[in-house]
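Worksheet: the structure to be examined is printed underneath.
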Amino acid sequence: MKRIIPMWIAIIGGFAMMLSSFVPLAESAGEMFADVFNVVAAIAFVLGAGSLAKQHLEKLSRRDAGWGYSIITLGSFIITLIIGMLKIGIHPNPIFPQAAYSGSNDSEGSAWSWIYEYMITPLTSTMFALLAFFVASAAFRAFRAKNTEAILLLVTAFIVLLGRTFAGVVLTGWFPDWASGLRLENLSIYVMQVFNTAGNRAIMIGIALGVAATGLRILFGIDRSWLGGGDA
Amino acid sequence: MTRQGKTWLIIGAVFVALLVARGMIGQGLGRVYVKRSEVIVKLPASSTSAATISWQEWKQVPPLEFDAAQKANPAQTEISFSWPRTIGLWLAAFFTLAIFSFLYADNPFYKIAESLVVGVSAAYWGVIGFWDTLVPKMFGALTPGLVKSLVQPSLLDPENMQQISMVFALILGVMMLWRLLPRGGWISAWPLAFIVGVTAGLKIVSHVESDLMAQAAATMKPLVVSVTDASGAINIWASWWASVANVLLVVGVICCLAYFFFSVQHKGVVGGAARVGIWYLMITFGASFGFTVMGRIALLAARVEFLFDDWLWLIDPNHFRGL
Amino acid sequence: MRITHKVPRRIFTNQSWKCVANFLFMVMCCASAFAFETRGAGHDNGTQNVVAQNVVAPNTATQNTNAPLVEPVNAASNFNTAATPTAKPTRPWFNMEKLWLLLWIVFIGAAVTVSVWLAKRGRPIRIRRIAALEAVDNAVGRATEMGRSILFVPGIQDMDNIQTVAGLTMLGRVAKTAAEYDATIEVPTCRSLVMEAARDTVRTSYLSAGRADGFSADRISYITDDQFGYVAHVVGSMVREKPATCFYMGCFFAESLIFAETGNAIGAIQIAGTAESSQLPFFVAACDYTLIGEEFFAASAYLSGEPAQLGTLRGQDIGKFAVGVLIVLGVLASTILVMAPNSAAVGALLGGLQKVLGG
Amino acid sequence: MSSANFNNTNASARPWFERLDRIDRRWIFLLMFLAVSGPILWIGVTGKTLPEAPTMAARAVFEEIDHLPAHSLVLISFDYDPASAGELQPMATSLVRQCAAKNLRMVFIALWPLGNQVAQQTIQDVIRDDYPALKEGDDFVNMGYQAGNEAVMKLLLTDFAKAFPKDSRGEATSNIPMLKDVKMASNFPLLISVSAGYPGSKEWVQYVISAKNDEMNFVTGCTGVSAPQLYPYFPQQIAGLLGAIKGAAEYESMVNASLAVDGVATAPKYLQAQRRMGPQLVAHLLMVGLIIVGNVIFFARKRRGAA
């Protein structure tokens with residue numbers, strides 16, 4: 001029973017939503033669901049926060065290796081949460097001075113924007129920037145002419161990489177006009193227009209069918225591996 | 001001491017020495033200056049307390065402006081050095097280096113940065129979820145009076161449908177949280193099932209419409225194209241290239257589709273087509289890889305610029321310090 | 001959990017009936033909406049309009065709910081198109097522009113239903129080898145042998161993304177194998193809801209493998225909603241705990257290559273699957289096996305080995321075949337049209353084909 | 001990360017290509033860091049930038065604007081926010097600069113909530129600072145942000161004033177002199193979008209340009225990640241395309257060259273993109289070199305294996 005009811009909830013909800021796309025009266029059902037979903041996800045943050053706190057409190061109480069770092073995580077979590085939830089140090093919005101919480105957390109000079117600018121931004125954007133190093137090491141290791149597929153992968157990447165800088169212009173810029181299509185920068189555009197478009201198009205058609213089949217497996221009750229509920 | 005430990009020590013010592021040396025030369029190291037301004041706001045007439053409230057705001061200004069202001073009037077207090085922001089700047093530089101240090105090896109600095117970013121960002125998104133979703137959407141629909149008086153006086157009155165959907169969302173949310181109680185945690189499977197089912201229903205429609213149908217329709221191109229010049233004559237070379245491009249495109253789409261066939265063994269004609277299909281996919285991937293590299297390097301360049309420009313004051317591309 | 005693939009000869013299992021019933025339900029829903037529309041347009045226009053307005057009014061921005069009751073004349077004059085209330089723009093029951101979209105969905109649904117039914121009747125389905133999926137058992141076994149854990153990343157999006165759902169169905173299969181091999185599986189998640197769903201999924205897998213005692217909810221944890229905060233934690237713990245096998249199954253963005261390169265540095269076997277085409281190149285370059293787009297959605301069905309699930313793959317193929325045939329016809333028609341621009345029949349054919357594809 | 005590489009005992013016994021193949025990847029990381037930081041430092045200290053040779057996609061953007069007669073109307077849509085300003089701001093700055101120098105009448109709109117803010121900043125930096133003769137309302141106007149994504153685009157096709165009833169100052173559209181004759185989107189011979197994603201260039205093509213391709217031209221600048229999706233539309237629907245910082249640098253150099261005055265250095269704000277191309281060039285060459293080295297190793301090993 002604990003698995004049957006959720007399955008039927010999924011089936012009815014899914015078909016109703018599918019139908020709503022065709023009925024102009026219910027056209028906004030999708031947007032409404034997006035709102036409902038965002039609210040449920042925001043409420044579920046309590047569960048995530050609980051998991052985070054439990055995980056680190058257990059580490060602390062057991063004095064696991066690296067428990068000191070758990071103090072940092074928990075401490076920064078709680079401090080940020082308090083500053084943000086209570087809008088500490090935020091002045092009301094000048095247009096609505098009578099509403100105490102009308103100011104935005106993002107206003108310049110607030111503790112919240114300090115956290116954003118000097119902690120979140122450098123930490124996350126540096127993490128993002130690590131990619132520049134990883135593209136280099138991946139290219140060194142993976143782009144080797146082992147077989148036809150690998151050769152195509154590597155040659156295309158090579159053409160595009162060169163075509164995107166001044167180096168490409170220096171190497172092939174002297175090609176006469178009638179062969180201008182073979183200049184690296186034009187060749188890379190050609191590759192994008194023809195091969196990339198064909199590949200991406202087929203991938204998209206395949207994904208659409210994959211999504212449809214996955215969705216139908218759920219809505220027909222064939223695939224229930226995602227269903228929890230305990231007793232089978 | 002291990003070899004790695006020694007390496008760390010040497011790197012650290014050289015780094016600190018360079019930093020101190022940099023600090024003694026020229027304009028020194030990163031500092032932040034702020035300009036103060038007064039904000040005075042009139043309270044609505046009905047209010048019984050003071051007619052106005054005021055507070056000070058500080059905006060960041062380039063060091064150049066501070067120098068100019070000091071030159072004009074050494075006693076000015078409008079533009080001043082900001083301790084909290086300068087500390088923040090140095091912290092940001094520390095975090096940047098701490099994350100980069102992970103490329104060498106896992107180390108305590110990275111672990112500190114990692115612990116902090118997890119704690120701060122988890123709370124950050126929780127707070128965003130509360131103020132940007134729960135307050136305007138849910139509380140705005142269910143308790144509009146409260147939201148209007150405390151947060152957003154300009155809030156529009158909620159419509160009936162909005163209220164119904166938010167009551168529904170609240171019920172789903174409460175069912176999710178039921179898990180925290182000792183009994184009946186299974187009920188949280190219901191909202192999850194609803195979300196999964198609705199997602200499946202919505203995505204089937206949107207993917208079939210925009211991916212399957214639209215992409216297939218766009219592929220119905222003629223294999224022979226005639227390109228005419230401005231004068232009206234047919235340009236043979238351009239027509240030839242355009243035709244080749246269309247043929248390659250159509251062949252590519254069909255062959256890649258053949259690659260994705262599951263219930264047919266990849267032998268014979270299908271096998272050959274699937275092989276051409278995988279070639280196309282590899283070219284696609286190579287091109288995307290090459291194209292993305294540029295953006296990734298731009299990200300690294302931005303971090304390096306932060307270190308050199310904002311923190312170390314080694315370069316001044318925007319002429320903020322009048323080099 | 002009912003194990004259905006042990007009884008392939010039974011013609012009408014419970015499940016196949018349910019599948020067919022669901023399909024009929026879908027068709028009926030669609031047909032009734034369509035019927036309402038056509039009937040409404042033809043006969044009882046008046047009553048339809050009244051009903052439509054009453055239902056619509058609270059939810060539409062273009063109509064003022066109260067106006068028709070209080071000041072009918074002014075309300076009517078608000079609309080540029082009509083002077084009399086009977087001619088007011090009303091919303092139809094069915095959006096005729098989307099008829100072909102509906103037919104496509106019904107077609108794919110029918111293809112899947114028929115394939116599943118045939119499969120359940122015992123008609124054999126031979127599915128081509130998918131190397132990445134053949135490798136799953138070995139990869140899980142490797143973790144057991146090495147005494148290390150398995151890392152499973154279900155993407156960084158929430159439950160309203162179908163890739164996350166597909167990733168979780170895959171998690172269900174992997175967790176079951178892991179439970180049978182007695183390997184530990186770690187699932188860090190980027191969303192609270194995904195954490196809850198993953199816990200449910202893994203718990204069920206352990207139960208069905210008969211190893212309920214081996215399940216620990218703490219191994220499936222929420223990290224942070226922030227993309228790179230999450231990445232920082234996951235790569236940090238990868239370097240420290242050195243999982244023997246890493247699965248990346250779901251919706252990924254820039255982090256794909258950070259994960260894959262770190263996993264490579266610690267010598268893990270890596271199997272990735274995503275439908276995010278911009279990230280496929282990085283997984284292809286840095287992982288041992290990659291499920292490309294549609295393969296990712298087929299993975300869970302493939303691994304289950306159940307005839308019903310494999311039948312859906314056949315249904316997918318029928319859809320693909322139909323698309324291929326339409327494309328070939330369309331290309332031929334438009335090529336002929338270039339050479340003989342006056343051919344009315346070919347022009348009509350091309351127009352028809354484009355209509356079928358919503359053009 | 002791989003401490004095993006520290007104690008390679010018999011490393012010297014291996015042939016050179018084996019040693020190179022097993023090279024600690026941290027050396028690659030170091031090379032990448034130097035490849036990016038070296039040029040930044042060099043360009044930052046010397047102020048010199050690399051030359052650019054514009055490709056056809058960038059040249060097309062310049063020429064589309066250059067061909068317009070003075071006082072033509074141009075619709076410029078700011079479809080990005082400060083997060084992608086690093087890549088897109090140089091394009092926006094140069095686009096507005098060329099339009100202002102050509103004395104075109106610019107109408108700014110924003111389909112991203114924060115797009116209005118970047119538009120205001122660009123107007124301040126380029127028009128108010130360097131072209132003070134241009135008057136708001138006569139020569140340019142900022143219509144601000146309008147919510148609704150594609151719906152706004154579709155509305156623009158039929159009724160400009162309905163889509164943007166007032167400008168960012170609060171002035172009603174009907175009272176703005178330069179918009180007197182503007183009824184719909186096709187009254188603008190040129191549409192420019194600086195786009196970071198959805199809604200952006202792709203939607204402009206789908207909803208506006210496809211419908212009015214013969215009446216108005218479209219040029220766009222976009223981020224590197226979204227460029228591959230836009231190339232299929234070039235040059236039929238998208239007359240000119242600036243892809244990522246490379247496209248921005250090419251275009252910027254053309255605008256600078258066309259507006260250069262002898263003896264006066266170009267202001268640093270008009271060199272942003274070209275400054276950023278320095279690290280790009282060296283890093284790309286490094287990547288190309290790494291791929292070559294990787295393949296040399298591969299073939300050397302193959303030959304040894306065969307021998």
Side-chain angles (χ1 to χ4, degrees), chain A residues 11 15 18-19 21-25 28 34 37 40-41 44-48 51-52 54-55 58 120 123-125 127-128 130-131 134-135 137-139 141-143 153 200 203-207 209-230 232, chain C residues 1 15 18-19 22 25-26 29 33 55-56 59 91-95 98 102 108-109 112 116 158 160 162 165-166 168-169 172-173 192-193 195-196 200-201 203-204 207-208 221-222 226 228-229 231-232 254 257-258 261 275 277 285-286 293-294 297-298 300 308-309 312 315-316 319-320 323:
Chain A
I11 289 171
F15 278 121
M18 212 196 281
L19 203 61
S21 317
F22 299 100
V23 180
L25 288 181
S28 58
F37 176 79
V40 175
F45 173 72
V46 175
L47 294 169
S51 154
L52 189 94
K54 183 171 174 238
Q55 193 183 329
E58 275 177 2
I120 292 188
L123 283 165
T124 57
S125 61
M127 209 61 221
F128 199 178
L130 292 186
L131 273 172
F134 290 139
V135 287
S137 62
R141 207 186 54 251
F143 286 178
L153 183 75
N200 269 328
I203 292 177
M204 281 166 88
I205 293 174
I207 287 172
L209 284 162
V211 168
T214 303
L216 290 173
R217 274 201 290 276
I218 291 168
L219 297 188
F220 287 173
I222 300 173
D223 188 349
R224 286 177 284 174
S225 58
W226 57 275
L227 271 178
Chain C
M1 189 170 175
Q15 212 180 25
K18 208 177 306 162
C19 179
N22 273 328
F25 174 59
M26 175 173 111
C29 290
V55 179
V56 173
N59 195 28
R91 291 183 149 200
W93 280 96
F94 181 83
N95 187 347
K98 291 193 172 178
L102 176 68
I108 297 170
V112 168
V116 169
D158 215 330
D160 62 341
I162 191 105
V165 178
L168 287 180
T169 61
R173 307 285 170 206
S192 308
L193 284 174
M195 175 188 79
E196 286 303 321
D200 279 353
T201 308
R203 186 185 294 119
T204 313
L207 268 177
S208 68
S221 54
Y222 166 79
D226 192 86
F228 289 104
V231 175
L257 190 65
I258 305 185
E261 274 295 292
S277 55
E294 193 180 358
F297 290 109
S300 147
Q309 300 235 30
T312 61
Q316 250 164 287
K320 232 169 302 173
V323 173

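Just so it is clear: chains get the letters A, B, ... in the order the sequence lines come, proteins before strands, and each one is counted from 1.
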How far apart are the closest heavy atoms of A/F37 and C/D158, and which atoms are they? CZ-CG, 3.5 Å
Look at the aromatic rings of A/F22 and C/F94 and report parallel, tilted or perpendicular, splitting at 30° and 60°. parallel
Quick check for you: to the nearest 0.5 Å, what is the distance between A/S21 atom OG and C/K98 atom NZ? 5.5 Å
Check each atom of A/A212 against the heavy atoms of chain C and say whether the ones under 4.5 Å are side chain, backbone, both or neither. side chain
Looking only at the side chains, is there a donor atom on one of C/S300 and A/D223 sitting less than 3.5 Å from an acceptor on the other? yes
Proximal component of A/L47, with respect to chain C [non-hydrogen, under 4.5 Å]: both
Here the gap from C/E261 atom CD to A/L131 atom CG, rounded to the nearest 0.5 Å, amounts to 10.0 Å
Got a second to check how far C/I108's CD1 is from A/L209's CG, nearest 0.5 Å? 5.0 Å
With rounding to the nearest 0.5 Å, note down the distance linking CD1 in A/I203 to OG in C/S277. 6.0 Å
Would you mind checking which part of A/T214 comes under 4.5 Å of any heavy atom in chain C, side chain (CB onward), backbone (N, CA, C, O), both or neither? side chain
Could you look at A/V135 and say if it's the side chain, the backbone, both or neither that has a heavy atom under 4.5 Å from chain C? both
Closest non-hydrogen atoms of A/A213 and C/Q316, given as atom of the first, atom of the second and distance, are CB-OE1, 3.2 Å
For the candidates C/E196, C/Q309, C/M195, which exhibits the highest count of non-hydrogen atom pairs separated by less than 4.5 Å from chain A? C/Q309
Correct closest heavy-atom pair for C/S221 and A/Q55 would be CB-OE1, 3.5 Å
Heavy-atom closest pair (A/F45 atom, C/S192 atom, distance to 0.1 Å) is CA-OG, 3.6 Å
What heavy-atom pair brings C/A254 and A/F128 nearest, and what distance separates the two atoms? CB-CE2, 3.3 Å
Most contacts with chain A, counted as non-hydrogen pairs under 4.5 angstrom, among C/D160, C/L168, C/V231, C/V323: C/D160
What is the distance from atom OG1 of C/T204 to atom CZ of A/R224, rounded to the nearest 0.5 Å? 11.5 Å
Which atom of C/A285 lies closest to which atom of A/A142, heavy atoms considered: O-CB, 3.0 Å
Of A/V46, A/L123, A/V211, the largest count of non-hydrogen pairs under 4.5 angstrom with chain C goes to A/V211
Answer yes or no: is there a side-chain heavy-atom contact under 4.5 Å between C/N95 and A/V23? no
Distance from A/I207 atom CD1 to C/I162 atom CD1, nearest 0.5 Å? 12.0 Å
